[in-house]
Participant: 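Okay, here's the structure, questions in a sec.
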Amino acid sequence: MSKQFDLVVIGAGPGGYIAAIRASQLGLNVACIDEWKNVDGSPAPGGTCTNVGCIPSKALLQSSEHFDLANHHFDEHGIVVSNVSLNLKKLISRKNSVVKQNNEGILYLFKKNKVSFFHGLASFVEKNKDYITIKVSSLNEELLAKNVIVATGSSAREYPGLKFDEKTVLSNDGALNIENVPKTLGVIGAGVIGLEMGSVWRRLGSDVTILEAMPDFLMAADSQISKEALKVLTKQGLNIKVGVDIIEVKNIGKSVSIKYKDKDASVKDLLVDKIIISIGRVPRTDGLNASAVGLNIDERGFIVVDDNCKTNLSNVWAVGDVVRGPMLAHKAEEEGVAVAERIVGQHGHVNFNTIPSVIYTSPEIAWVGKNEQQLKQEGRQYKAGSFPFLANGRARALGDTTGFVKIIADAVTDEVLGVHIIGPMASELISEAVTIMEFKGAAEDIARICHAHPTLSESMKEAALAVDKRSLNY
Ligand code: FAD
Ligand code: NAI
């Protein structure tokens with residue numbers, strides 16, 4: 001006996017569950033399989049993003065920011081609080097309940113959209129000209145799929161020779177579940193996870209040292225933004241060292257010893273209570289039995305796809321972290337929707353030039369499109385305008401005036417080529433930039449749009465005016 005589906009989606013992370021819902025909206029008979037489980041064994045759909053990624057990290061960032069504000073900034077507003085203390089158990093349990101709400105939300109959405117959900121590990125069995133056969137670990141019968149989307153995501157990259165034990169040597173998972181605030185915390189990798197999780201634990205009281213191999217800080221961002229970010233985050237107390245060469249990392253039980261060469265080549269020793277390893281993630285295809293159907297996987301472990309997320313096999317697609325491109329939830333979702341639409345013959349499209357990047361530190365950092373370094377390298381003529389939050393009324397009222405908005409436009413056509421923000425709510429402000437760029441708008445377009453006063457978004461308008469050297473408030 002076997003069940004037949006128009007589409008089987010493997011993985012219920014943002015790539016998979018969104019693809020399943022969209023395909024069902026388009027009239028397909030859809031199943032989605034995911035193996036993630038809660039501690040009690042119940043299904044926990046939502047993937048890395050919901051369970052150990054975007055959602056729990058933002059819950060901890062929010063809670064730790066409240067703690068930081070109560071400790072250091074309420075006073076500026078004339079609010080006197082004394083004996084602020086931390087109930088870490090409650091803080092973590094709040095984070096867990098936020099995650100659970102999201103898991104349950106996805107199960108509800110599956111029901112609402114008539115997506116059949118199967119909880120278990122999916123593996124390929126065989127492929128013939130009509131069907132792909134898939135086994136689910138929890139089922140006796142097999143699933144027969146006319147189409148398959150693989151959305152199996154990624155997992156944390158281990159530091160060579162150093163196993164995650166999630167007690168002392170932590171991946172993103174352990175970093176979200178530390179039981180007592182460590183006195184000292186080491187982080188390897190000053191990327192997105194290093195900065196976000198480093199910020200959480202610093203705010204909660206850890207002495208955090210981040211070791212980064214690259215010669216400069218946040219090299220993917222516009223260099224003006226990176227400079228400002230390094231200055232602000234260092235001032236907050238994050239000890240960030242770039243250009244380090246790690247010689248040895250040893251888990252010595254209750255602590256970790258690190259020997260590294262500093263930027264100036266001097267050898268340093270660091271002893272920390274715990275260490276977070278955040279040196280990137282690796283695509284996940286273990287358990288899929290990809291060779292049974294001849295699915296192409298490259299030497300780095302990514303499923304090989306073309307621009308349309310098509311694999312080497314007819315009717316088999318792959319989206320999200322398990323394929324090339326940025327490892328971001330919204331990128332996975334866009335690909336999932338586009339593939340569902342392509343399966344029914346529509347022209348789903350993902351614009352890689354307008355995928356925003358956000359780092360949820362305080363201040364937040366967000367950008368879309370090209371930065372100055374890239375444009376210089378391309379030899380493209382551009383003009384840039386910036387506006388500091390210091391000159392924005394709403395930012396002053398908030399008491400959060402760090403950072404600026406920078407807009408880069410084509411020197412001749414004025415088309416917006418990139419927008420780079422460091423400052424309060426940058427994650428929300430960047431949406432306007434994405435919209436303008438999606439419509440191939442000009443800086444002048446932003447400058448001529450009426451923005452409510454007083455809002456942070458007026459800084460977007462002012463930066464656009466600054467492109468033409470006619471800021472009104474600076
Ligand atoms: P995943 O979310 O990894 O989901 C894959 C799913 O497939 C999992 O549930 C897994 O159990 C399941 N699976 C795998 N193999 C099988 C199998 N054989 N059978 C059945 N099920 C299987 N991105 C952002 O855009 N914004 C953020 O703020 C953000 N924060 C992050 C914070 C952290 C700490 C981390 C680690 C990541 C963060 N990301 C963020 C990245 C984001 O989580 C990923 O890009 C996103 O989850 C990728 O979605 P996906 O659907 O491709 O894979
Ligand atoms: P990352 O790619 O952002 O950063 C890894 C950093 O580690 C890089 O700066 C790299 O130079 C450094 N590194 C690598 N090897 C090293 C070594 N041996 N010694 C010292 N430094 C070393 O990866 P990260 O932070 O692990 O995050 C993984 C993925 O998760 C990212 O691709 C990101 O897209 C996603 N993510 C997104 C978030 C968001 O959108 N806000 C939040 C967290 C994660």
Side-chain angles (χ1 to χ4, degrees), residues 14 46-74 84 86-102 156 170-182 185 187 189-210 218 221 225 228-230 232-240 274 276-278 281 327-330 356-367 389 398-400 402-403 421-431 456:
T48 301
C49 169
T50 300
N51 292 296
V52 292
C54 324
I55 301 300
S57 61
K58 268 78 247 179
L60 292 190
L61 279 156
Q62 189 61 52
S63 299
S64 60
E65 186 154 11
H66 284 322
F67 185 61
D68 195 57
L69 289 172
N71 270 319
H72 304 294
H73 301 284
F74 277 5
V84 176
L86 181 69
N87 182 342
L88 183 58
K89 209 169 164 193
K90 189 162 178 186
L91 189 149
I92 299 282
S93 112
R94 176 189 174 273
K95 178 265 295 177
N96 292 340
S97 65
V98 173
V99 168
K100 198 144 196 284
Q101 284 163 26
N102 281 272
L170 313 172
S171 71
N172 55 295
D173 194 352
L176 292 159
N177 290 301
I178 302 178
E179 283 172 4
N180 296 299
V181 178
L185 176 67
V187 179
V192 205
I193 294 180
L195 295 177
E196 290 187 358
M197 295 316 299
S199 292
V200 166
W201 293 104
R202 184 210 46 84
R203 292 171 194 165
L204 298 180
S206 291
D207 183 353
V208 179
T209 304
I210 307 183
L218 265 189
I225 298 275
E228 178 75 2
L230 182 60
V232 180
L233 297 174
T234 303
K235 200 168 156 215
Q236 289 172 356
L238 280 181
N239 188 7
I240 301 167
K274 293 183 191 295
I276 298 173
I277 306 295
S278 46
R281 295 178 63 79
M327 288 186 167
L328 295 172
H330 40 285
S357 298
V358 180
I359 307 176
Y360 296 80
T361 42
S362 179
E364 293 182 343
I365 301 162
W367 71 86
F389 285 105
L398 289 172
D400 196 354
T402 315
I421 310 173
I422 177 167
M425 303 309 277
S427 58
E428 301 292 340
L429 295 174
I430 202 67
S431 294
L456 297 169

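Below, all heavy atoms of this structure are taken into account, side chains as well, without hydrogens, waters or symmetry copies.
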Participant: State, with a plain yes or no, whether a side-chain heavy atom of L204 is found less than 4.5 Å away from one of L91.
Facilitator: yes
Participant: Given side chains that start at C-beta, do those of L218 and I365 come closer than 4.5 Å, heavy atoms only?
Facilitator: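 Yes, at least one pair of side-chain atoms sits under 4.5 Å.
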Participant: Do you know which two heavy atoms are closest between A366 and V358, and how far apart they sit?
Facilitator: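 Of all heavy-atom pairs spanning A366 and V358, the closest is CB-CG2, 4.1 Å.
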Participant: Is a side-chain donor or acceptor of S97 paired with a backbone partner of R94 at a separation under 3.5 angstrom?
Facilitator: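 Flag set: sc S97 to bb R94 pair under 3.5 Å.
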Participant: In the structure I gave you, are the side-chain heavy atoms of W201 and I178 within less than 4.5 Å of one another anywhere?
Facilitator: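 They are in contact (side-chain heavy atoms under 4.5 Å apart), so the answer is yes.
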Participant: Is atom NZ of K58 surrounded by more than 12 heavy atoms (other residues, nucleotides or ligands) closer than 6.0 Å?
Facilitator: yes
Participant: Say you draw a straight line from OG of S57 to CD of Q62; how long is it, rounded to the nearest 0.5 Å?
Facilitator: 12.0 Å
Participant: Indicate the atoms forming the closest heavy-atom contact of V181 with G205, along with that distance.
Facilitator: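 Scanning both residues, the minimum pair turns out to be CG1-C, 4.0 Å.
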Participant: In chain order, what residues pass the salt bridge (Lys or Arg N to Asp or Glu O under 4.0 Å) check against E65, with sequence neighbours excluded?
Facilitator: none
Participant: How long is the gap from CG on L61 to OG1 on T361, to the nearest 0.5 Å?
Facilitator: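 So the CG of L61 and the OG1 of T361 are separated by 8.5 Å.
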Participant: Before you tell me yes or no, could you show the steps for I359 and E196 under side-chain contact (heavy atoms from CB on, under 4.5 Å), namely the whole-Å CA-CA distance, both residues' side-chain angles and the distance that decides it to 0.1 Å?
Facilitator: CA-CA 7 Å; I359 307 176; E196 290 187 358; 4.2 Å; yes
Participant: What pair of heavy atoms forms the shortest contact from G198 to L238, and how long is it?
Facilitator: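 Of all heavy-atom pairs spanning G198 and L238, the closest is O-CD2, 3.7 Å.
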Participant: So among R203, R202, M197, which one has a side-chain contact (heavy atoms from CB on, under 4.5 Å) with S64?
Facilitator: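 That would be R203; it is the only one of R203, R202, M197 passing the side-chain contact (heavy atoms from CB on, under 4.5 Å) with S64.
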Participant: Looking at residues at least two apart in the chain, or sitting in another chain, which of them share a side chain to side chain contact (heavy atoms under 4.5 Å, CB included) with N96?
Facilitator: I92, N177
Participant: Verify, without hydrogens or angle tests, whether N71 (side chain) and V84 (backbone) share a donor-acceptor contact under 3.5 angstrom.
Facilitator: no
Participant: Distance from T50 atom OG1 to N102 atom CG, nearest 0.5 Å?
Facilitator: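 So the OG1 of T50 and the CG of N102 are separated by 5.5 Å.
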Participant: Counting C-beta onward and ignoring hydrogens, is there a side-chain heavy-atom pair between N172 and S278 closer than 4.5 Å?
Facilitator: no
Participant: Could you tell me which residues satisfy salt bridge (Lys or Arg N to Asp or Glu O under 4.0 Å) with E228, sequence neighbours excluded, listed by chain and number?
Facilitator: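 Residues passing salt bridge (Lys or Arg N to Asp or Glu O under 4.0 Å) with E228: K231.
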Participant: Say whether, by atom type as modelled, one donor and one acceptor occur between the side chain of K274 and the main chain of P182 under 3.5 angstrom.
Facilitator: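 Checking the backbone N and O of P182 against the side chain of K274, no donor-acceptor pair under 3.5 Å is found.
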Participant: If you look at every heavy atom in P56 and C49, which pair is closest and at what distance?
Facilitator: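 So the two residues come closest at CD-O, 3.6 Å.
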Participant: To check you understand the geometry: which heavy-atom pair defines the closest contact between E364 and S427, and what is its length?
Facilitator: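 Here E364 and S427 meet closest at OE1-OG, 2.7 Å.
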Participant: For a quick test of reading the model, state the closest non-hydrogen atom pair linking L185 to S206 and the distance between them.
Facilitator: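 Answer, listing the atom of L185 first, then S206: CB-CB, 4.2 Å.
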Participant: Between R281 and T48, is there a side-chain heavy-atom distance shorter than 4.5 Å?
Facilitator: yes
Participant: Looking at D173, is its backbone amide N or carbonyl O close enough to the side chain of S171 to form a donor-acceptor pair, meaning the two atoms are under 3.5 Å apart?
Facilitator: yes
Participant: With heavy-atom distances below 4.5 Å as the criterion, would you say the side chains of T402 and F389 are in contact?
Facilitator: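 No, side chains not in contact.
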